[in-house]
Amino acid sequence: MTTEATVPQSSAPGSGLAGLDAYRVAIEFYRQLRQALRGRRGHVVDQVHRAAESIVLNVAEAYPAVGADRARRFRIAGNEAGECHAALDLMQIRGELGGAVLGTLRTLLDRERAMLWRLGRR
C-alpha cells in the first residue's frame with residue numbers, strides 16, 4: 001500500500017477542490033480504509049466508515065466557504081478524524097487491524113488531522 005494520496009480519476013490535481021491537499025488525503029484515507037475493512041461488519045466498522053465519509057464531505061463543504069464558517073467546517077472534519085483515530089485504536093485492540101495496513105491508515109490520518117487543525121484555526 002502507498003501513503004501517497006491520489007484523487008478520483010474525474011478530478012484534475014491542482015484545480016478546484018481536487019487541488020486541496022486536505023481533500024486528496026481524506027479521499028485516499030477513505031479508499032484505503034474501505035479496502036482494509038472490506039467484508040468486515042460491526043458497529044465500529046460502520047462508525048469509522050461514516051466518520052471517514054464525513055471528513056471528505058466536510059472538507060468539500062469548507063472549500064468554497066469563507067471566514068469563520070470555513071474554519072468551523074474544517075474543525076468539524078477534524079473532529080471526525082479524531083473519531084477515526086479512536087476507531088482504529090479499538091480495532092487494533094480487538095486484533096481486527098494491524099501491521100502495515102494500520103500503519104498506512106495512521107500515517108494518512110495523522111497527516112489529515114494536522115492539516116485540518118491548521119485549516120480550522122484560520
Side-chain angles (χ1 to χ4, degrees):
M1 286 187 178
T2 179
T3 59
E4 186 174 318
T6 57
V7 293
Q9 292 178 3
S10 62
S11 301
S15 64
L17 182 58
L20 184 62
D21 200 32
Y23 182 77
R24 290 193 312 267
V25 173
I27 288 289
E28 185 60 20
F29 174 75
Y30 182 72
R31 181 179 287 119
Q32 298 278 340
L33 181 72
R34 296 273 305 174
Q35 184 177 6
L37 300 179
R38 184 160 283 137
R40 297 186 186 180
R41 294 180 179 257
H43 173 72
V44 175
V45 172
D46 292 343
Q47 189 64 28
V48 75
H49 280 126
R50 282 193 300 274
E53 289 168 358
S54 186
I55 296 168
V56 173
L57 296 173
N58 277 292
V59 169
E61 285 182 2
Y63 176 72
V66 295
D69 185 48
R70 179 179 172 103
R72 182 182 65 81
R73 291 173 194 268
F74 282 129
R75 284 193 303 273
I76 292 169
N79 292 340
E80 296 295 336
E83 188 173 347
C84 287
H85 183 93
L88 292 179
D89 287 346
L90 291 174
M91 287 186 281
Q92 181 183 21
I93 290 166
R94 292 175 172 184
E96 297 171 355
L97 201 55
V101 171
L102 180 60
T104 297
L105 290 170
R106 286 195 189 281
T107 297
L108 286 167
L109 190 57
D110 287 348
R111 183 172 174 211
E112 183 70 13
R113 291 180 78 190
M115 287 186 284
L116 292 172
W117 188 87
R118 292 183 79 194
L119 289 165
R121 293 334 179 248
R122 293 184 174 201

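Nearest approach of Cys84 to Ala52, heavy atoms of both residues: SG-N, 3.6 Å. Here the shortest heavy-atom pairing between Ala81 and Ile55 reads CA-CD1, 3.5 Å. Smallest separation of non-hydrogen atoms from Ala18 and Tyr23: CA-CD2, 4.3 Å. Taking every heavy atom of both residues into account, Arg75 and Gly120 meet most closely at NH1-O, 2.8 Å.
Leu57 and Tyr63 are assigned to two separate hydrophobic clusters, defined by single-linkage of ILVMFWY side chains at heavy-atom distances under 4.5 Å. In the hydrophobic cluster analysis, where Ile, Leu, Val, Met, Phe, Trp and Tyr join through side-chain heavy atoms closer than 4.5 angstrom, Met115 is grouped together with Leu88. Placement of Ile76 and Tyr30 in two distinct hydrophobic clusters is found when ILVMFWY residues are connected by side-chain heavy-atom separations under 4.5 Å, directly or transitively.
Distance check, rounded to the nearest 0.5 Å: CZ of Phe74 to CG of Asp69 gives 10.5 Å. In this structure, the separation between CD on Glu28 and CZ on Arg111 is 10.0 Å, given to the nearest 0.5 Å. One distance of note links CG of Asp89 with CG of Leu102; it measures 8.0 Å at 0.5 Å rounding. A distance of 13.5 Å separates CZ of Arg113 from CG of Leu108, quoted to the nearest 0.5 Å. Rounding to the nearest 0.5 Å places CG of Leu17 at 11.0 Å from CD of Glu61. Between His49 atom NE2 and Ser54 atom OG the span is 14.0 Å, to the nearest 0.5 Å.
Annotation for Arg41: atom CZ does not count as buried by contact number, only 12 or fewer foreign heavy atoms lying within 6.0 Å. Counting non-hydrogen atoms of other residues, nucleotides and ligands closer than 6.0 Å to CZ of Arg118 gives a total of 12 or fewer.
With a 4.5 Å cut-off on side-chain heavy atoms, Leu105 and Leu97 count as touching. No side-chain heavy atom of Leu116 sits less than 4.5 Å from a side-chain heavy atom of Asn58.
Salt-bridge annotation for Glu53 and Arg50: absent, with no side-chain N of the basic residue lying under 4.0 Å from a carboxylate O of the acidic one. Electrostatic pairing of Asp21 and Arg24 counts as a salt bridge here, judged by a charged N lying under 4.0 Å from a carboxylate O.
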Go through the steps to decide whether Val101 and Gln32 satisfy the test side-chain contact (heavy atoms from CB on, under 4.5 Å), and finish with yes or no. CA-CA 8 Å; Val101 171; Gln32 298 278 340; over 6 Å; no
Let me see the working for Val59 and Leu119 under side-chain contact (heavy atoms from CB on, under 4.5 Å), right down to the final yes or no. CA-CA 10 Å; Val59 169; Leu119 289 165; over 6 Å; no
